[in-house]
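Before any comments, here is the structure.
Along the sequence shown, residues are numbered consecutively beginning with 1. When a ligand or atom number is given, it counts from 1 through the structure's own listing order.
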Amino acid sequence: MQFQKPKGTQDILPGESRRWQFVEEKAREVCRRFLYKEIRTPVFEATELFRRGVGETTDVVEKEMYTFEDKGGRSMTLRPEGTAGVVRAYAENKLYAVPGVTKLYYIGPMFRYERAQAGRYRQFHQFGAEAFGSDDPALDAEVIALGRSFYQAVGLAGFTLEINSVGTPEVRARFRETLLRFLEPKKDLLCRDCRARMERNPLRVLDCKVDQAHFEGAPSILDHLDDACARHFDKVQSHLRAMGIPFSINPRLVRGLDYYTHTAFEFKAAGIGAIDAIGGGGRYNGLVAHIGGPDQPGVGFGIGLERVLLVLEKQGAELPGEAAPDLFFVALGEAAEARAVALLHEARERGFAAEK
Ligand code: AMP
């Protein structure tokens with residue numbers, strides 16, 4: 001009997017693994033410069049954490065989670081994204097008690113039961129960053145700058161940045177009414193997913209790839225921001241401009257996850273068919289409290305590393321391959337053989353990549 005890897009997963013083989021090390025090294029190097037420290041959290045957590053932390057009405061929670069009961073009868077889920085676990089660890093380990101902003105990053109596998117295709121996997125890897133403890137729009141801009149520096153460090157060309165403000169829950173509740181008034185007469189024209197979204201999470205309708213043609217003249221959340229939200233959004237933009245970071249405003253960008261407040265952003269690049277999202281994030285001021293921690297604001301992103309590598313390969317970027325040996329020993333005869341074994345070992349002990 002021969003086994004095959006599960007659908008939507010990949011073997012990263014010798015030759016390819018060097019590329020993975022390269023993008024991971026770049027992520028670590030950029031985080032060192034921005035003073036973000038690594039955090040490693042479990043790949044599975046209590047299912048309830050993701051229900052609360054990612055949001056009941058999201059596709060991720062509704063359809064895509066790998067959930068299982070462990071032998072103790074607890075419902076566990078393989079993490080579909082990184083933020084919820086990091087927020088849990090931040091609260092549980094009282095990282096908020098350390099003065100100043102807590103700046104963290106992670107690299108690791110995520111799991112979503114999705115329809116597998118190029119750029120969409122059931123096990124994929126994210127590099128993510130999260131910063132807790134400050135409302136300052138400069139921190140939103142810093143997190144965006146960190147993401148951008150990573151793409152630049154790996155040599156990605158031609159990627160774009162879109163930003164939006166999704167306001168506060170109160171702003172969204174008001175906008176929801178206006179939006180529903182606009183959508184109601186078009187309901188029968190919309191796709192099945194969008195008709196369902198209209199009931200539970202209408203803001204996400206505007207993000208639909210299929211129905212864009214029907215959204216001409218749709219109301220914009222940016223016209224519904226209150227003063228504080230508008231000020232926050234303006235500040236994020238002026239900080240980005242100050243750093244020379246180009247962006248465009250996409251008022252329909254909402255992100256799939258429920259917990260965002262104020263800034264939402266997405267990095268896009270062409271090269272993987274219809275898929276163009278290579279990373280995204282935003283501010284989530286209510287999330288830490290929502291999962292039982294203190295009321296601390298946060299902002300972060302998740303970047304899909306498979307997609308970054310796919311786009312790099314498509315662009316013909318020069319990526320490192322496996323290293324060649326520094327020294328190669330050839331031994332002729334038995335005496336030389338014994339000596340070669342000793343020399344080979346000594347060379348390796350002294351730091352050379354040596355082979356016989
Ligand atoms: P999300 O939390 O859905 O915005 O995901 C953040 C980033 O992770 C996306 O921009 C993608 O680059 C990547 N990503 C999300 N889902 C998948 C997947 N199923 N396969 C590969 N990459 C993914």
Side-chain angles (χ1 to χ4, degrees), residues 5-12 19-20 23-24 27 43 45 49-50 53-55 57-66 77-87 105-130 143-144 146-148 150-151 154 156 159-164 166 193 201 203-204 207-209 250 252-260 263-284 287 298-314:
K5 60 185 177 289
K7 199 173 188 170
T9 67
Q10 289 183 298
D11 295 318
I12 298 168
R19 296 175 172 200
W20 279 88
V23 293
E24 288 165 7
V43 294
E45 299 268 2
L49 173 68
F50 298 116
V54 179
T57 65
T58 57
D59 286 351
V60 169
V61 168
E62 280 183 351
K63 303 187 233 175
E64 298 170 1
M65 295 210 296
Y66 276 95
T77 293
L78 298 182
R79 62 180 181 197
E81 53 91 55
T83 304
V86 172
V87 169
Y105 81 92
Y106 58 84
I107 300 173
M110 307 293 157
F111 306 86
R112 294 184 193 177
Y113 193 80
E114 294 207 73
R115 198 189 299 272
Q117 62 184 92
R120 181 162 290 132
Y121 308 98
R122 291 181 176 176
Q123 175 172 343
F124 61 99
H125 298 77
Q126 279 186 351
F127 157 45
E130 318 284 355
V143 162
I144 292 172
L146 169 51
R148 181 169 186 267
F150 165 71
Y151 295 120
V154 296
L156 200 83
F159 63 91
T160 58
L161 165 66
E162 293 181 359
I163 63 171
N164 191 23
V166 295
D193 281 349
N201 196 350
L203 262 71
R204 293 197 38 231
D207 215 17
C208 176
K209 288 239 171 359
N250 174 1
R252 295 186 186 166
L253 173 69
V254 288
R255 309 267 309 133
L257 311 178
D258 276 351
Y259 50 60
Y260 288 101
T263 316
F265 59 92
E266 197 148 88
F267 290 102
K268 293 185 173 176
I272 329 174
I275 290 179
D276 59 4
I278 53 169
R283 182 169 272 286
Y284 46 81
L287 179 61
V299 54
F301 65 70
I303 289 176
L305 296 182
E306 280 80 2
R307 293 190 187 172
V308 168
L309 277 167
L310 280 169
V311 175
L312 281 172
E313 283 158 19
K314 188 84 178 186

Subject >> Asp59/Arg204 ion pair, N-O < 4.0 Å >> reply: yes
Check your understanding: With a 4.0 Å cut-off, would you call Glu45 and Arg79 a salt bridge?
Key -> no
Atoms of ligand 1 under 4.0 Å from any heavy atom of Gly279, numbered from 1 in the order shown, are 10 (O), 12 (O)
**Prompt:** Quick one: does Glu306 get a heavy atom under 4.0 Å from ligand 1?
**Reply:** no
Problem set entry | Glu81/Arg112 salt bridge by N-O under 4.0 Å criterion | no
The atoms of ligand 1 lying under 4.0 Å from a heavy atom of Gly302, numbered in the order shown, are 6 (C), 7 (C)
Measure the acute angle between the ring planes of Tyr151 and Phe159, then classify it against the limits of 30° and 60° as parallel, tilted or perpendicular.
tilted
Logged contact type for Gln126 with ligand 1, heavy-atom cut-off 4.0 Å, is side chain
Purely on distance, is any nitrogen or oxygen of Glu81 under 3.5 Å from one on ligand 1?
no
Establish, yes or no, whether the cationic atom of Arg122 lies under 6.0 Å from the six-membered ring centre of Tyr113 and within 45° of the ring axis. yes
Atoms of ligand 1 under 4.0 Å from any heavy atom of Glu114, numbered from 1 in the order shown, are 16 (N), 17 (C), 18 (C), 19 (N)
Query - Worked verdict on Phe111 versus Phe124 for ring-ring contact (aromatic ring centres under 6.0 Å, His included) - result: CA-CA 6 Å; Phe111 306 86; Phe124 61 99; 8.2 Å; no
Do Glu130 and Tyr284 have side-chain atoms, one donor and one acceptor, less than 3.5 Å apart? yes
Based purely on interatomic distance, does Arg112 place a nitrogen or oxygen under 3.5 Å from a nitrogen or oxygen of ligand 1? yes
Closest to atom 12 (O) of ligand 1 (heavy atoms only, candidates Gly282, Gly8, Gly119, Gly304) is Gly304
Less than 3.5 Å between some nitrogen or oxygen of Phe124 and one of ligand 1, yes or no?
-> no
Under 4.0 Å from one or more heavy atoms of Tyr121, ligand 1 contributes atoms 18 (C), 19 (N), 20 (N), 21 (C)
